[in-house]
Amino acid sequence: MRRPARGHSWLHTLPAAALATALAVPAATAQQWPPEIKNLQHFAADTEVGELIGTMRDFAFALGVRCQYCHVGEEGQPIATFDFASDQKETKRKARIMLSMVERINGELLAGLDVEPAGRLRVECVTCHRGAARPEQLADILVRVASEEGGEAAVARYRELREEHLEGQAYDFGESTLMRAAERLARSDRLDAAAELLGLELELNPGSSWALMTLAAVEERRGELAAAIAALEQLEAANPGNPQIGQKLEELRRRRAEQPPE
């Protein structure tokens, strides 16, 4: 057998349908899949089993789910026991709508953009989902949890998602995510929750000027002048000689001194 050229995988020598099957399932279990496809609505009627399996595998990777997310079947049970033709699950019905949406974006809407080189830009499931079943931005999750359950719950949710997804691409764990969430909470007067998220940001990124400046403003609005002063003092240490920081510190120290003893 002739070895493929350097830089090419043996996969390139397979027909498309065979390649899809090879990537989709181990050879030992391939016979468990239905021998024919039933109830196709979005895909062409002549779609081959192997090709469809490969496409379904792409969907599963994009959403970080398994077959039973859309199809009737139980985790751990043989594939042969699944009812792939059933439309019982809402997630399957939604998937068809999403496929139509993606098809329209790629076939109609992108054509109206000045995109170069033409035809190279495409939207796929993974474009939005990135390994998460619900394609929701992390900042939106934190704001929702904080609004419904409080700042401590939002911090706990962030830690949970970071532990589970830090090495993946589902969520952006960069500084801007926590900062945007904290600022949104502050604008809606959820100051306690904003302070919690800013505390978490400073735990992860000690000395962040953005976080310290924002925390000082939030603590001032909360009436916690001592905490606001502490944040500005840390900010001033990293930015010595900044007149704006110095002026604000002088103002807060004066107001703090004028407060009645607790």
Side-chain angles (χ1 to χ4, degrees), residues 1-111 117-136 161 164-171:
M1 179 177 178
R2 184 166 61 89
R3 183 184 298 275
R6 183 180 296 275
H8 288 72
S9 164
W10 63 272
L11 295 175
H12 289 85
T13 67
L14 293 175
L19 172 58
T21 302
L23 292 175
V25 291
T29 62
Q31 71 276 9
Q32 296 180 2
W33 295 91
E36 61 179 331
I37 304 172
K38 299 178 180 179
N39 194 25
L40 277 184
Q41 296 185 28
H42 178 83
F43 298 100
D46 60 353
T47 302
E48 297 184 1
V49 173
E51 181 182 354
L52 186 63
I53 291 172
T55 300
M56 293 297 114
R57 186 175 174 84
D58 287 343
F59 293 165
F61 281 137
L63 275 68
V65 299
R66 297 177 66 83
C67 299
Q68 66 272 11
Y69 184 75
C70 287
H71 299 290
V72 175
E74 295 184 14
E75 173 72 23
Q77 296 302 309
I79 287 295
T81 66
F82 279 61
D83 184 357
F84 289 101
S86 172
D87 289 336
Q88 175 182 328
K89 289 199 170 183
E90 180 66 20
T91 45
K92 183 178 180 180
R93 296 193 290 271
K94 287 182 178 179
R96 288 198 179 107
I97 296 173
M98 297 295 288
L99 286 169
S100 296
M101 178 191 74
V102 169
E103 188 175 71
R104 185 183 174 213
I105 290 172
N106 289 325
E108 177 184 339
L109 300 179
L110 285 182
R120 291 278 294 275
L121 181 64
R122 285 184 57 80
V123 170
E124 300 178 355
C125 298
V126 72
T127 305
C128 295
H129 285 272
R130 298 179 181 272
R134 182 183 177 89
E136 190 175 14
L161 290 172
E164 184 177 355
H165 295 283
L166 183 59
E167 300 302 322
Q169 57 180 349
Y171 303 107

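As a basis for the values below, the full set of heavy atoms in this structure was taken, side chains included, without hydrogen atoms, waters or symmetry mates. On a predicted model such as this, the values are computed, not experimentally measured, just so you know.
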Asp87 with Lys92: basic N within carboxylate O range, under 4.0 Å
yes
Distance from [X] atom [atom1] to [Y] atom [atom2], nearest 0.5 Å?
{"X": "Leu52", "Y": "Ile37", "atom1": "CG", "atom2": "CD1", "result": "4.5 Å"}
{"X": "Asn39", "Y": "Ser86", "atom1": "CG", "atom2": "OG", "result": "8.5 Å"}
{"X": "Ile97", "Y": "His42", "atom1": "CD1", "atom2": "NE2", "result": "12.0 Å"}
{"X": "Glu48", "Y": "Phe43", "atom1": "CD", "atom2": "CZ", "result": "14.0 Å"}
{"X": "Cys125", "Y": "Leu63", "atom1": "SG", "atom2": "CG", "result": "6.5 Å"}
{"X": "Glu51", "Y": "Ile53", "atom1": "CD", "atom2": "CD1", "result": "11.0 Å"}

Would you indicate whether [X], at its atom [atom1], is surrounded by more than 12 heavy atoms from other residues, nucleotides or ligands within a distance under 6.0 Å?
{"X": "Arg93", "atom1": "CZ", "answer": "yes"}
{"X": "Gln88", "atom1": "CD", "answer": "no"}
{"X": "Met98", "atom1": "CE", "answer": "no"}
{"X": "Glu74", "atom1": "CD", "answer": "no"}
{"X": "Arg96", "atom1": "CZ", "answer": "yes"}

Taking all atoms of both residues into account, what is the closest heavy-atom pair of [X] and [Y], and its distance?
{"X": "Gly73", "Y": "Gln68", "result": "O-CB, 3.4 Å"}
{"X": "Ala170", "Y": "Gly131", "result": "CB-C, 4.3 Å"}
{"X": "Pro135", "Y": "Ala133", "result": "CD-O, 3.6 Å"}

Does the side chain of Leu99 reach to within under 4.5 Å of the side chain of Phe59, using non-hydrogen atoms?
yes
If we ignore hydrogens and angles and just use 3.5 Å, is the side chain of [X] paired with the main-chain N or O of [Y] as donor and acceptor?
{"X": "His165", "Y": "Gly168", "answer": "no"}
{"X": "Thr91", "Y": "Tyr69", "answer": "yes"}
{"X": "Lys94", "Y": "Lys89", "answer": "no"}
{"X": "Thr127", "Y": "Glu124", "answer": "yes"}
{"X": "Asn106", "Y": "Val123", "answer": "yes"}

Ring centers of Phe82, His71 separated by less than 6.0 Å:
no
Phe84 and Ile79: side chain to side chain contact (heavy atoms under 4.5 Å, CB included), yes or no, with the steps?
CA-CA 9 Å; Phe84 289 101; Ile79 287 295; 3.8 Å; yes
